[in-house]
Amino acid sequence: ISAADGRENRVFVQETAYCPEKKNSDRLWKEENTVCLICEIYWNSSQLFSMEAAEEIGCYSCIFFRRQEIMKLITISGPPSSGKTSVILRLVESLKESGMEKIGVVKFDCLTSFDQVRYREAGIPVEIGFSGKVCPDHFFISNIEDAVKWGVRSGFDMLITESAGLCNRCSPHISEIPAVCVIDNLSGINTPRKIGPMLKFADYVVITKGDIVSQAEREVFKFNVRQVNTGARILFVNGITGQGSFMLAKHLKNAVDIT
């Protein structure tokens, strides 16, 4: 079955399935010709058939079997200008090298953002949401369900959310979903003690811009991070060269699937 944008997204159903609307129907999918026996629509690589078209026709059996609605979700947050977008761009490169092709990004910000330009230049599907006067973390948690639906509908293998992280009282992380906090060495050695739940409840802490400071400053900064979050895995990632992104991708690609 081909998705609306032309990317092949063929699903072979191994077991016998029947249309709930027609009790006397034959096997739903004929694997040899890939024919839907309910709608009598011929599915092949030359015919584009979108989820919207299936919904318009009303064959919910086609909608259900069209795609395996399984996806990984990663939440990434951090103070402004800490290098979140650069880290994500490098992370996506490493994930694609490991075989994960379909990756999308949802960017949550406050007033404005230009990061969508960088994502689109890299060929990464992206959606943007602005919180305005609302706490960005509350805005995130109020809209994450719609973001996940978009990711599943788009057939992504992984959806990455990027949060502005301007509210140090809240945490834009979800239970049992890998949480990444990005902070940079240039923000000051005492910054880890000021960030709050966003850092404290992260599973992975990515420290950026370590190439600009001395080794001693990096160690002191890492120590202060460890004082706040004793259980997180700390990684140094260079958003320009991509150094360290491979190890981050190695951890995140094994995230649990959500539906």
Side-chain angles (χ1 to χ4, degrees), residues 3 51-52 55 63 67-89 91-92 95 100-120 122 124-183 195-206 229 231-233 248-249 251-259:
M51 179 71 78
E52 289 74 17
E55 292 174 347
I63 296 172
R67 173 187 299 127
Q68 292 179 337
E69 296 187 347
I70 298 176
M71 179 184 69
K72 299 181 186 299
L73 176 64
I74 307 295
T75 63
I76 296 182
S77 62
S81 301
S82 60
K84 298 184 297 296
T85 301
S86 296
V87 168
I88 292 174
L89 289 170
L91 172 62
V92 170
L95 288 170
M100 188 174 289
E101 290 295 331
K102 300 175 184 177
I103 303 173
V105 174
V106 176
K107 166 82 174 185
F108 293 94
D109 218 319
C110 290
L111 300 177
T112 185
S113 175
F114 302 98
D115 294 333
Q116 65 270 25
V117 177
R118 299 183 62 189
Y119 286 125
R120 287 166 183 157
I124 302 172
V126 60
E127 290 289 343
I128 306 293
F130 298 114
S131 63
K133 297 180 180 180
V134 181
C135 163
D137 296 330
H138 281 79
F139 179 80
F140 165 86
I141 209 64
S142 300
N143 290 272
I144 187 61
E145 186 175 353
D146 289 335
V148 170
K149 289 180 180 178
W150 172 71
V152 171
R153 189 169 60 248
S154 301
F156 295 145
D157 297 319
M158 177 181 286
L159 178 66
I160 301 174
T161 66
E162 178 186 347
S163 175
L166 293 175
C167 180
N168 290 333
R169 299 167 297 173
C170 311
S171 170
H173 301 316
I174 305 172
S175 177
E176 299 182 7
I177 298 298
V180 181
C181 179
V182 179
I183 53 178
I195 292 180
M198 180 173 60
L199 173 60
K200 184 177 181 179
F201 296 122
D203 301 306
Y204 303 91
V205 178
V206 173
N229 190 328
R233 185 178 294 272
L248 181 61
H251 293 294
L252 297 181
K253 71 178 182 180
N254 295 322
V256 297
D257 293 321
I258 63 171
T259 56

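What you see below is based on every heavy atom in this structure, not just the backbone, and it leaves out hydrogens, waters and symmetry mates. Source: prediction; values computed, not measured.
In terms of heavy atoms, Leu252 sits closest to Met158 at O-CE, 3.6 Å. When all heavy atoms of Ala202 and Ala232 are compared, the closest pair comes out as O-CB, 3.5 Å. Nearest heavy atoms, Ser113 versus Lys107: OG-CE, 3.6 Å. Leu159 and Ala147 make their closest contact through CD2-O, 3.4 Å (heavy atoms, listed as atom of the first residue, atom of the second, distance). Residues Ser77 and His173 come closest through the heavy atom pair OG-CE1, 3.3 Å. Taking all atoms of both residues into account, the shortest heavy-atom contact from Gly83 to Val182 is C-CG1, 4.2 Å.
A distance-only check finds no donor-acceptor pair linking the side chain of Lys200 to the backbone of Ile195 [under 3.5 Å].
Atom OG1 in Thr161 sits 8.5 Å away from atom CD1 in Ile74 (nearest 0.5 Å). We find the CD-OG1 distance between Glu162 and Thr75 to be 11.5 Å, quoted to the nearest 0.5 Å. Atom NZ of Lys253 sits about 11.5 Å away from atom CD1 of Ile103, to the nearest 0.5 Å. Here Ile174 contributes atom CD1 and Ile258 contributes atom CD1; the two are 7.5 Å apart, rounded to the nearest 0.5 Å. Rounded to the nearest 0.5 Å, atoms CD1 (Ile144) and CZ (Phe108) are 5.0 Å apart. Note: Ile88 CD1 to Asp115 CG = 8.5 Å, rounded to the nearest 0.5 Å.
Looking at residues two or more places apart in sequence or on another chain, you find no salt bridge (Lys or Arg N to Asp or Glu O under 4.0 Å) involving Asp157. For Lys72, the salt bridge (Lys or Arg N to Asp or Glu O under 4.0 Å) test picks out Asp257, with sequence neighbours left out. Applying the side-chain contact (heavy atoms from CB on, under 4.5 Å) criterion to Lys149, with sequence neighbours excluded, gives Glu145, Asp146, Arg153.
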Can you list the steps and then say if Val87 with Val180 is a side-chain contact (heavy atoms from CB on, under 4.5 Å)?
-> CA-CA 11 Å; Val87 168; Val180 181; over 6 Å; no
Step-by-step side-chain contact (heavy atoms from CB on, under 4.5 Å) determination, Ile128 to Asp109 | CA-CA 8 Å; Ile128 306 293; Asp109 218 319; 5.6 Å; no
Would you sort out whether Phe156 and Trp150 count as a side-chain contact (heavy atoms from CB on, under 4.5 Å), showing the intermediate values?
-> CA-CA 9 Å; Phe156 295 145; Trp150 172 71; 3.6 Å; yes
Could you walk me through whether Ile124 and Leu89 pass the side-chain contact (heavy atoms from CB on, under 4.5 Å) test, one step at a time?
-> CA-CA 9 Å; Ile124 302 172; Leu89 289 170; 3.8 Å; yes
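Between Ser86 and Arg118 there is a side-chain heavy-atom pair separated by less than 4.5 Å. In this structure the side chain of Asn143 never reaches within 4.5 angstrom of the side chain of Val106, judged on heavy atoms.
Between Tyr204 and His251, the ring-plane angle classifies as tilted under the 30° and 60° cut-offs.
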